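Order of the sequence lines fixes the chain letters, A, B, ..., with proteins taken first and strands second; residue numbering starts at 1 for each chain. When reading the values below, keep in mind they use all heavy atoms of this one structure, side chains included, and skip hydrogens, waters and symmetry mates. Remember, it's a predicted structure, so these values are computed and weren't measured experimentally.
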Amino acid sequence: MTLPRPARQGETTSIDTEFFGQRKGRLHRPEGTFACLSIAYSPTEVYQVFDASDLRAAIERISPGLWVGHNLMYDIRQLRRFVDIPQRPVFDTMMMDQDLWGGYYRDFGLDDASRRWLGRRLEKEARDLFGKATTMTPEMVEYAATDAVRALEVMQAQRAYIAENEMEMRHYWEVDEPAMWAFLDFEPVKIDVDGWLKLAQENEQEAARLEKELGFNTMSPKQVIDAVKKQTGRTIKDTNAKDTLEPLADELRRQKRDRQAEFVDALLDVRRLRKMSSTYGRTWVDKYVEAGGLVYADWHVTAAETGRSSCSSPGLQQIPTRRVTHFRKLFVSKHKNGRMVIADQNQQEPRIMAWWSKDDALRGALLAGRDLHQEAADDFNLTRREGKDVNLGLGYGMSAEGLASRARIPLDVAEAGIRRRNGRYPMAAIWIGNQMNRGASMGHVSTSMGRRVWLNLYGMQWQRNAINAPIQGTAAEQTKTWLVLLHHECRRLGLPFRVCLQVHDELVADAAAGESRQYSKLLRECGVQSGRIVVPNMPMAVGLAIGPTWGSKE
DNA sequence: TGCCCTGGCGC
DNA sequence: GTACGTGCCAGGGCA
């Protein structure tokens with residue numbers, strides 16, 4: 001038995017766990033049998049625990065230390081199978097790298113960090129040995145120890161860099177790190193499996209029937225280009241719906257070639273239906289739904305370069321809701337007489353733009369509840385629905401040219417509309433210009449809590465990122481702060497943490513019978529409070545809906 | 001089989 | 001010369 005020596009208070013204590021029989025791509029589902037816990041206080045002082053029955057004593061000994069590790073969500077989730085691990089500040093070298101290098105790097109494995117910070121390669125081949133093995137070989141023991149030591153060395157390099165650059169890292173310590181603990185406590189979400197399978201089958205049959213009528217594979221860009229050529233005589237560069245096929249259908253209709261336009265419409269319909277039935281069909285249930293109709297997704301606290309969270313296996317943030325709402329109606333409460341409480345930040349990104357730019361007109365319009373989408377529609381001579389798309393696009397830094405082609409309006413109308421907007425919200429226009437200048441001179445832009453988003457000044461895209469990143473990134477910080485406050489309040493009140501979904505500006509809690517009023521209140525209060533922290537002086541507002549399913553609107 | 005590309009969904 | 005930001009995922013097509 002090799003228990004670690006007790007950690008001193010706050011001593012950096014690097015930990016790394018290994019398990020036998022973990023399936024690839026399911027690392028967020030703690031499974032397999034315990035193989036090893038490696039603990040490194042320094043490159044030369046490493047302890048390793050190989051017996052699960054020693055875990056409790058080992059964890060107790062290292063408890064006073066500051067835990068360090070690469071992707072600690074994995075280790076904590078696994079260790080919680082054996083020992084209760086309450087929330088505590090941790091130094092996660094992966095999260096720290098993401099928080100330092102958003103926009104600069106894409107890959108954040110320990111091998112990447114080792115190469116970048118230490119200039120040393122790290123072999124990860126031995127990792128695959130754990131999948132099938134049941135006992136540790138000397139090679140595996142060495143691998144496990146090396147990982148713990150390397151994470152410790154990476155941490156030291158990161159810490160030195162942060163000190164040198166006098167960075168506060170509020171976005172790590174006040175946002176992402178505590179948010180990790182909230183995501184660790186996310187509940188699974190329940191699916192109405194019978195309803196889902198029924199819907200999947202209907203979609204599948206309908207897609208097959210309609211595609212048979214068309215007579216070619218609508219998922220093959222190659223075949224679609226050929227079919228369009230044959231049916232309409234037109235040569236298209238790609239088969240993108242928004243950029244190519246929908247404009248083509250419009251044009252054909254203008255030319256009174258209705259049958260050809262209908263052909264393009266039919267092709268688009270079939271393709272969408274096929275996409276839907278393949279993505280959300282029987283295989284979705286087979287892959288992701290576990291006992292009791294429960295789905296345990298893999299939440300990533302900081303996945304996007306702006307700091308946004310993401311979700312995979314399955315991607316619950318992309319469940320359709322605009323064209324069809326039936327899938328979200330199949331996300332139901334786990335509890336008898338339970339209610340889904342759905343909360344979203346009202347006009348989150350426009351409010352953040354108003355906060356950044358200190359534009360009184362925009363701020364006033366938002367606080368007065370003016371309809372900005374209708375305003376955009378009027379500016380560009382569009383429907384309200386299209387006006388909403390325009391606002392979204394302009395928020396993402398869309399140019400007049402991009403707007404003209406996207407909204408299918410003449411370039412001069414787009415330019416005039418943007419001028420009118422800039423006249424109405426002059427400080428916002430100035431802020432956009434300032435962001436460009438700042439980005440060009442610093443190579444990065446920043447969010448409210450201090451996250452840097454690096455720009456690739458050699459590309460063509462950095463201008464749009466310079467505008468979008470501070471807005472999207474600050475929004476992400478607000479939503480994560482919302483989550484953190486709620487998590488904290490639940491613990492303080494002794495209330496179970498019921499959140500099961502986060503969709504950028506939206507949180508969903510699956511409240512048990514009798515809890516929904518209290519949850520609504522908490523979601524609203526924490527949502528408003530998160531605004532006071534992240535965007536002081538710009539009031540934020542929360543919208544609420546309560547019902548039996550995620551698709552409920554009230 | 002693995003990888004890249006295309007296309008489509010969310011915000 | 002480009003053209004709307006960020007992700008996740010499925011199928012086609014090719015090495």
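- For Ile471(A) and dG5(C), the CD1 to C1' distance is 10 Å, given to the nearest whole Å.
- For Ser313(A), taking side-chain heavy atoms from C-beta onward, the closest of the listed nucleotides dG7(C), dG11(C), dC9(C) is dC9(C).
- There is a side-chain donor-acceptor pair under 3.5 Å between Gln317(A) and Gln502(A).
- Residue contacts shown for Ser278(A) are limited to sugar-phosphate atoms, with no base heavy atom under 4.0 Å away.
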Each nucleotide of nucleotides 3-11 of chain B classed B (base within 4.0 Å of a protein heavy atom), S (only sugar-phosphate) or -, in 5' to 3' order, makes ---SBSBBB
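- Judged as a salt bridge (Lys or Arg N to Asp or Glu O under 4.0 Å), not a single pair has a partner in residues 437-447 of chain A (not counting sequence neighbours).
- Evaluation of the side chain to side chain contact (heavy atoms under 4.5 Å, CB included) rule for His487(A) yields Gln87(A), Trp181(A), Ala182(A), Asp185(A), Arg491(A), Phe497(A) as partners, not counting sequence neighbours.
- Base pairing of dA3(C): no nucleotide in any strand meets the Watson-Crick or G-U wobble criterion (both distances under 3.5 Å).
- Rounded to a whole angstrom, the distance from the C1' atom of dG1(C) to that of dG7(B) is 24 Å.
- Near DNA chain B, defined here as any heavy-atom distance below 4.0 Å, there are no residues from residues 421-457 of chain A.
- Nearest to the side-chain atoms of Arg464(A) among the listed nucleotides dG7(C), dA3(C), dC8(C) stands dA3(C).
- Applying the salt bridge (Lys or Arg N to Asp or Glu O under 4.0 Å) definition to pairs two or more places apart or across chains, those involving residues 469-481 of chain A are Asp176(A)-Lys480(A).
- Taking the salt bridge (charged side-chain N to carboxylate O under 4.0 Å, His left out) definition, one finds that Arg322(A) meets it with nothing, sequence neighbours left out.
- Cation-pi check for Arg498(A) over Tyr519(A) is not met; the charged atom does not lie both under 6.0 angstrom from the ring centroid and within 45 degrees of its normal.
- Judged as a side chain to side chain contact (heavy atoms under 4.5 Å, CB included), and not counting sequence neighbours, the contacts of Lys388(A) are His373(A).
- Side-chain atoms of Thr479(A) and Arg308(A) include no donor-acceptor pair closer than 3.5 Å.
- In this structure, the CG atom of Asn468(A) is 12 Å from the C1' atom of dG7(C), given to the nearest Å.
- As judged by a 4.0 angstrom heavy-atom cut-off over every strand, Lys388(A) is placed among residues making no nucleic acid contact.
- Minimum atom distance to the side chain of Arg274(A) is reached by dG11(C), of the listed dT6(C), dG11(C), dA3(C).
- Taking atom CG of residue Asp226(A) and atom C1' of nucleotide dG12(C), one finds them 14 Å apart after rounding to whole Å.
- The salt bridge (charged side-chain N to carboxylate O under 4.0 Å, His left out) search around Arg121(A) returns Glu123(A), not counting sequence neighbours.
- Taking the salt bridge (charged side-chain N to carboxylate O under 4.0 Å, His left out) definition, one finds that Arg384(A) meets it with Asp371(A), sequence neighbours left out.
- In this structure Glu401(A) satisfies the salt bridge (charged side-chain N to carboxylate O under 4.0 Å, His left out) test with no other residue, sequence neighbours excluded.
- Taking atom P in both dT6(C) and dG2(B), the straight-line distance is 29 Å, to the nearest Å.
- Side-chain contact, Gln478(A) with Gln345(A): a donor N or O sits under 3.5 Å from an acceptor N or O.
- What separates CG of Asn465(A) from C1' of dT6(C) is a distance of 9 Å, to the nearest Å.
- Between the C1' atom of dA3(C) and the CD1 atom of Ile467(A) lies a distance of 14 Å, rounded to the nearest Å.
- Going from atom CH2 of Trp299(A) over to atom C1' of dG7(C) covers 12 Å, rounded to whole Å.
- When each of dC9(C), dA10(C), dG11(C) is scored by its nearest atom to the side-chain atoms of Ser312(A), the top-ranked nucleotide is dC9(C).
- Remark: C1' of dA3(C) and CG of Leu394(A) are 14 Å apart, rounded to the nearest angstrom.
- For the contact set between residues 206-219 of chain A and DNA chain C, defined by any heavy atom under 4.0 Å, the members are Asn217(A), Met219(A).
- Across all strands shown, Glu349(A) has no heavy atoms under 4.0 Å from either base or sugar-phosphate atoms.
- The side chain to side chain contact (heavy atoms under 4.5 Å, CB included) check on Asn217(A) picks up Glu211(A), Met219(A), Ser220(A), Gln223(A), Arg274(A), with sequence neighbours excluded.
- Computed from coordinates, the Ile352(A) CD1 to dT6(C) P distance equals 17 Å when rounded to whole Å.
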